[in-house]
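Here is the structure we will look at.
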Amino acid sequence: MAGTLTVALAGVLIQYTSTRLLENDAEAAAVGYAHYVDEVTPGLRDLFEGRGLRSDTREQLARLRRMGEVFRFKLFDREGRQILVSDDLDHADPLGPSRATSLSQHRGNDRVAAIVLGGANFIETKSGRGKPDRPEVFVEAYVPVLQGRQVVGVVEVYVDQTATAARVRSAFLRVGAVVAGLLMLLGGVLAAQVWQRQAERRRAAERLRYLAEHDVLSGALNRTSFHQALQRAAWRHEKGGPGFAVLCIDLDRFKDVNDSLGHVAGDTVLCAATERLRGLLRHGDLVARLGGDEFAVLQSAVLGPDDVERLAARIVEALALPYEVGGQRVSAGASVGAARFGVDAGTVADLMHKADVAVYRAKSGGRGRFSFYDAGLDQRLADRRNLARDLRQALKDEVVSMHFQPLFRADGRTLLGYEALMRWHHPQRGAVPPTEFIALAEETGLIEGLGEWGLRRACKEAAGWPAPLTVSVNLSAAQFHGERDLVEVVAAALKATALPARRLVLEITESLLLSHTDDALRTLTALAKMGVQIAMDDFGTGYSSLAYLWRFPFDKIKIDRAFTQGLGDDERVALIVRSIITLAHSMGIRVNAEGVETGPQLEQLRRLGCDEIQGFLLGRPAPPERLSHDGTSHLALLQPPRPELEDIQTQSVPLDDVATEPMHLVCNAKTMPMPL
């Protein structure tokens with residue numbers, strides 16, 4: 001009887017002990033996991049507060065949805081509403097209304113109040129038998145997320161306890177035959193389990209800590225841990241410790257490696273670059289990968305700029321050496337920018353910003369170089385950022401305007417159409433040159449919207465002109481690789497304005513064809529099939545212009561103004577222009593000459609067989625309301641029409657006189673017409 005009672009009591013004790021062990025283990029794992037998710041997930045508080053799911057938040061949660069014994073989690077806001085389930089992170093819309101439930105629907109209101117209002121954890125062990133998507137033994141743990149003492153949300157963590165439960169059951173069964181032995185051995189078995197679990201937990205914590213502080217690919221510090229290291233170095237410096245500097249490093253041609261050899265090769269280069277950087281550092285120096293091909297080095301114990309220059313020179317030299325990737329030798333090189341704490345910047349954030357500015361300076365100087373921070377460049381970059389902001393607003397407010405420069409036949413009197421040219425009058429800076437704001441739009445990603453607006457505006461104006469006047473619109477290479485298909489954009493503009501396709505001329509530069517040639521030619525072919533005319537601008541300035549004439553049937557080529565200005569000064573220029581015109585005519589392509597400013601230039605181009613002329617001699621860019629469309633050029637107003645032009649060719653027409661005449665096509669713009 002006593003033995004039976006002892007066995008019964010032992011069984012109860014075993015059941016109680018094993019259950020408590022599993023629940024304590026699961027609770028510790030769940031709380032640790034929930035706190036880790038809260039610490040390392042950017043934008044989690046925004047998600048709890050209903051401000052939506054950011055892309056970086058979603059990526060981090062996707063990485064964390066299975067870790068250790070945790071195989072699932074749910075997020076609830078402080079009102080008890082379910083926000084997100086880890087299973088739905090693969091859906092296009094993980095926050096979709098069809099998946100919205102309430103925490104109170106899972107548990108009673110009393111438990112919700114205990115969790116949300118009281119800040120207490122709730123643990124429940126469950127069985128997954130008969131459920132293919134659940135472990136045999138698992139625990140659901142509700143863990144509140146606190147901000148100060150206030151609960152901002154709840155994380156429901158699913159912890160797989162099958163392995164731990166199996167280990168406990170096995171330990172108890174092995175000593176179950178003898179009660180006395182069971183009672184004596186139980187403490188040792190439980191102690192061993194606890195020790196093993198603690199050891200596993202320590203290893204898991206160390207692994208999680210490593211992942212939180214290091215870049216997974218390269219093993220270098222990540223941005224967060226590097227920033228913390230800088231904060232510690234700044235604190236030591238303010239307490240009288242040594243000086244330090246930050247060197248920001250950008251691989252110069254890393255994108256070419258990725259594009260040509262693939263991302264695996266790119267990852268190989270990144271890891272090799274990290275190892276080279278580690279080999280250059282002293283004790284106390286740190287290297288971090290900030291993202292992509294951007295690295296940073298914390299150089300400690302810096303006594304002066306010479307220390308920084310020596311390290312930067314070694315970095316540039318080491319990263320310029322070729323890399324072995326899949327049996328191929330590839331080169332990337334690097335640009336390095338540096339800033340010193342206490343000299344260039346007094347805060348860590350400012351130090352990183354100024355080191356970035358220094359990298360920009362190094363890259364603009366030709367890449368593969370080193371540069372210290374330059375305050376003047378910083379101001380210019382700030383001005384450029386402000387100008388980009390103003391351009392974005394100007395495009396939204398439609399204060400960018402369109403001017404049109406006339407195109408004439410070689411007789412200088414027959415109007416053929418106009419070239420559309422953008423103008424932007426800044427409220428403080430005045431007229432911003434197109435070369436500046438177009439390049440800025442390309443750099444900042446505004447060019448697609450700006451180009452689409454310009455195309456539609458030009459087509460709308462041309463639709464009101466007498467037929468068959470054409471309108472020429474310059475295209476940026478960036479428009480060929482934008483989010484919207486260029487062929488669809490052109491088709492939509494023609495349809496919206498009812499402009500016949502044949503009256504639209506799209507001008508491209510050779511730089512477009514130097515990269516992604518096949519894609520560009522496919523797009524141009526599709527546009528040509530619509531009936532749109534295609535012209536190559538600035539012909540003759542590149543080294544391979546002729547290579548594209550036979551690959552694509554251009555309707556027109558435009559001789560660069562540099563050749564026009566050189567006529568009369570060098571006989572070889574006339575030979576080149578004649579060769580271009582002869583070649584184009586043999587292929588059925590018209591020729592336009594830009595930048596015609598004098599009568600002799602016009603006459604020589606006419607004798608050489610040029611088809612179209614544009615330039616200040618015949619008409620300056622003007623707003624649409626000042627276009628007469630009567631074919632009157634500056635030349636015609638300056639001198640009565642004659643059967644031949646010989647009487648005009650003997651002297652140049654002064655541009656200032658032309659610009660001040662009260663003509664239909666004259667405007668007050670002093671800048672040369674620049675292409676879109």
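All values below come from the heavy atoms of this structure, side chains included, with hydrogens, waters and symmetry mates left out. The first residue of the sequence shown is numbered 1, and numbering continues consecutively from there.
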What are the two closest heavy atoms between Asp90 and Arg58, and how far apart are they?
C-NH2, 4.1 Å

Could you check whether any side-chain N or O of Asp560 sits under 3.5 Å from a backbone N or O of Phe563, counting only pairs where one atom can act as donor and the other as acceptor?
no

Mind telling me whether Phe372 and Phe370 have parallel, tilted or perpendicular rings, with 30° and 60° as the class edges?
perpendicular

Donor-acceptor contact below 3.5 Å, side chain Glu448 vs main chain Arg484:
yes

In Leu455, Val505, Ile508, Leu421, the residue satisfying side-chain contact (heavy atoms from CB on, under 4.5 Å) with Asn474 is Leu421

Shortest non-hydrogen contact from Leu351 toward Ala339:
CD1-O, 3.4 Å

Cation-pi geometry met for Arg289 and Phe226 (6.0 Å, 45°)
no

Quiz question: by atom type and distance under 3.5 Å, do the side chains of Ser335 and Asp252 form a donor-acceptor pair?
yes

Heavy atoms of Leu281 and Leu286 approach each other most closely as CD1-C, 3.8 Å

Are any side-chain N or O atoms of Ser225 and backbone N or O atoms of Glu213, one a donor and one an acceptor, separated by less than 3.5 Å?
yes

Would you confirm whether Gln479, through its side chain, and Ile447, through its main-chain N or O, come within 3.5 Å as a donor-acceptor pair?
no

Assess whether a salt bridge exists between Glu275 and Arg278, defined as any Lys/Arg side-chain N lying under 4.0 Å from an Asp/Glu carboxylate O.
yes

Are the side chain of Gln565 and the backbone N or O of Gly595 linked by a donor-acceptor pair below 3.5 Å?
yes

Does Asp307 use its side chain to pair, donor to acceptor, with the backbone of Leu303 at less than 3.5 Å?
yes

Have Glu39 and His35 got a donor and an acceptor in their side chains that come within less than 3.5 Å?
no

Side-chain contact, heavy-atom cut-off 4.5 Å: Phe295 with Leu251?
yes

Taking Asp285 for the side chain and Arg282 for the main chain, is one N or O donor matched with an acceptor at less than 3.5 Å?
yes

Is a side-chain donor or acceptor of Ser331 paired with a backbone partner of Pro322 at a separation under 3.5 angstrom?
no

Assess, by modelled atom type and distance only, whether the side chains of Gln533 and Arg590 contain a donor and an acceptor separated by less than 3.5 Å.
yes

Hey, are Asp38 and Arg45 close enough for a salt bridge, meaning a charged N less than 4.0 Å from a carboxylate O?
yes

Where the side chain of Ser218 meets the backbone of Cys271, is there a donor-acceptor pair that is under 3.5 Å apart?
no

Distance-only, no hydrogens or angles: does the His227 side chain make a donor-acceptor pair with backbone N or O of Arg223 under 3.5 Å?
no

Please name the pair of heavy atoms, one in Val359 and one in Cys248, separated by the smallest distance, quoted to 0.1 Å.
CG2-O, 3.1 Å

Asp555 and Ile589, any side-chain heavy atoms less than 4.5 Å apart:
no

Strictly under 6.0 Å, is that where the ring centroids of Phe73 and Phe71 end up?
no

